[in-house]
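Sharing a structure here in structure tokens format.
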Amino acid sequence: MAKLIYTGIMSLDGYTADAAGKFDWSMPDEEVHSFVNDLERPVGTYLLGRRMYEVMAVWEDMSLSQEPPVIQDYAEIWRAADKIVYSTSLESSSTARTRIEREFDAGAIRALKETAPRDMSIGGTTLAAQAIKAGLVDEFRLFLTPIVVGGGKQFLPDDVRITLGLLDEHRFGNGVVYLRYAKGDG
């Protein structure tokens, strides 16, 4: 059975974007990006909300000739994975291996987890909140960035209580801390 993994870079006070919608403060350096690449490599399917998909779609056609190896590597990982975008407004996809679903269906995601040959990643705080509230997320992977932004888009939804077990942690030279948790005891 595949795991559904929620990974994100967030501020110390729990936000993925600040009150102005900016997330430039969260851009990973080469060390963090390489670590993220290794985490994302086994992912077979990305479940994405529309806004997250639009941010990530740049990886599809990005010119890589002048980019460092860590960026080239991530682009290959992105392009190799299937993508399911949950959107009521997106007319068509701009990336390969992509399908659009009009509504979140917890049952369909449970069925996909049972049959998927590889783990799945969920991205976008609104979509992830729905999956978290439905009890579908198996692992939480957080990259805590040493900044307090004071408000914005929360990484985790309100009104949810989940007991988590710590599976892994890693400190980076730039002050970022990676924490990996699983539902239950870990």
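Everything quoted here is computed from the prediction, not taken from an experiment.
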Worksheet item: Do Asp105 and Ile109 have side-chain heavy atoms sitting under 4.5 Å apart?
Response: no
Worksheet entry | Donor + acceptor pair across side chains of Thr95, Tyr53 (<3.5 Å) | yes
Discussion item. Are there over 12 heavy-atom neighbours, none belonging to Arg79, within less than 6.0 Å of that residue's CZ?
Written reply: yes
Response to the item:
Nearest heavy-atom approach of Gln154 to Thr125 is O-CG2, 3.2 Å
Discussion item. Please say yes or no: joined through hydrophobic side-chain contacts below 4.5 Å, possibly via intermediate residues, are Leu127 and Phe155 part of one cluster?
Written reply: yes
Practice prompt. Grab the two heavy atoms, one from Thr88 and one from Arg102, that are nearest each other, plus how far apart they are.
Written response: CG2-O, 3.3 Å
Worksheet entry | Close side-chain approach of Ile9 and Pro28, heavy atoms under 4.5 Å | yes
Response to the item:
So CG of Asp29 and OG of Ser34: to nearest 0.5 Å the spacing works out to 10.0 Å
Worksheet item: Is a donor on one side and an acceptor on the other found under 3.5 Å between the side chain of Lys83 and the backbone of Ala57?
Response: no
Discussion item. Is there a side-chain contact (heavy atoms from CB on, under 4.5 Å) between Leu156 and Tyr6? Walk through the geometry before answering.
Written reply: CA-CA 10 Å; Leu156 295 169; Tyr6 180 33; 4.3 Å; yes
Discussion item. As an exercise, state the distance from CG of Asn37 to CG of Asp73, rounded to the nearest 0.5 Å.
Written reply: 4.5 Å
Worksheet entry | Connected via hydrophobic side-chain network under 4.5 Å: Ile77 and Ile71 | yes
Worksheet item: Do NZ/NE/NH1/NH2 and the carboxylate oxygens of Glu114 and Arg110 come within less than 4.0 Å?
Response: no
Worksheet, complete the sentence: Closest heavy-atom pair, Tyr15 versus Trp25, reported as atoms and distance to 0.1 Å, is O-CH2, 3.1 Å
Practice prompt. For the pair Thr98 (side chain) and Ser94 (backbone), establish whether a donor and an acceptor sit closer than 3.5 Å, ignoring hydrogens and angles.
Written response: no
Fill in: ILVMFWY network linking Leu112 to Val137, side-chain heavy atoms under 4.5 angstrom
yes
Worksheet item: To the nearest 0.5 Å, how far apart are CD1 in Ile5 and CZ in Phe140?
Response: 11.5 Å
Worksheet item: What heavy-atom pair brings Asn174 and Val176 nearest, and what distance separates the two atoms?
Response: OD1-N, 3.0 Å
Discussion item. Is there a path of hydrophobic side-chain contacts, each under 4.5 Å between heavy atoms of I/L/V/M/F/W/Y residues, joining Phe104 to Ile132?
Written reply: yes
Discussion item. Please evaluate residues Leu90 and Glu54 with respect to the criterion side-chain contact (heavy atoms from CB on, under 4.5 Å), reporting the C-alpha separation (whole Å), side-chain torsions for both, the decisive distance (0.1 Å), and the verdict.
Written reply: CA-CA 10 Å; Leu90 194 63; Glu54 289 172 341; 4.0 Å; yes
Practice prompt. Taking atom CD of Glu169 as the centre, report whether more than 12 heavy atoms of other residues, nucleotides or ligands fall under 6.0 Å from it.
Written response: no
Discussion item. Enumerate the salt bridge (charged side-chain N to carboxylate O under 4.0 Å, His left out) contacts for residues 135-147, please, sequence neighbours excluded, ordered by first and then second residue.
Written reply: Lys3-Glu139, Lys113-Asp138, Glu139-Arg141, Glu139-Arg180
Practice prompt. Take Glu40 and Ser121 through the test side-chain contact (heavy atoms from CB on, under 4.5 Å) and record every step on the way to the result.
Written response: CA-CA 8 Å; Glu40 294 295 308; Ser121 176; 4.1 Å; yes
Worksheet item: What distance separates Arg171 CZ from Leu179 CG, expressed to the nearest 0.5 Å?
Response: 9.5 Å
Worksheet item: To the nearest 0.5 Å, how far apart are CG in Asp119 and CE in Met1?
Response: 10.5 Å
Practice prompt. Identify whether Met62 and Met52 are in the same connected component of the hydrophobic contact network (ILVMFWY, side-chain heavy atoms under 4.5 Å).
Written response: yes
Discussion item. Please evaluate residues Lys153 and Thr126 with respect to the criterion side-chain contact (heavy atoms from CB on, under 4.5 Å), reporting the C-alpha separation (whole Å), side-chain torsions for both, the decisive distance (0.1 Å), and the verdict.
Written reply: CA-CA 9 Å; Lys153 194 167 261 294; Thr126 302; 3.9 Å; yes
Fill in: Closest contact, heavy atoms only, Gly173 versus Glu31
N-OE1, 3.0 Å
Worksheet item: Using 30° and 60° as the class limits, which term best fits the ring planes of Tyr178 and Phe143: parallel, tilted or perpendicular?
Response: tilted
Discussion item. Can you pull out every salt bridge (charged side-chain N to carboxylate O under 4.0 Å, His left out) where at least one residue sits in residues 122-136? Sequence neighbours excluded, please.
Written reply: none
Discussion item. For the CD1 atom of Ile122 and the OH atom of Tyr86, what is their distance to the nearest 0.5 Å?
Written reply: 7.0 Å
Worksheet item: Do Glu101 and Arg99 sit within salt-bridge range, that is, some charged N less than 4.0 Å from a carboxylate O?
Response: yes
Practice prompt. List in chain and number order the residues that pass side-chain hydrogen bond (donor to acceptor under 3.5 Å, both in side chains) with Ser11, two or more places apart in sequence or in another chain; answer none if no residue qualifies.
Written response: Asp13
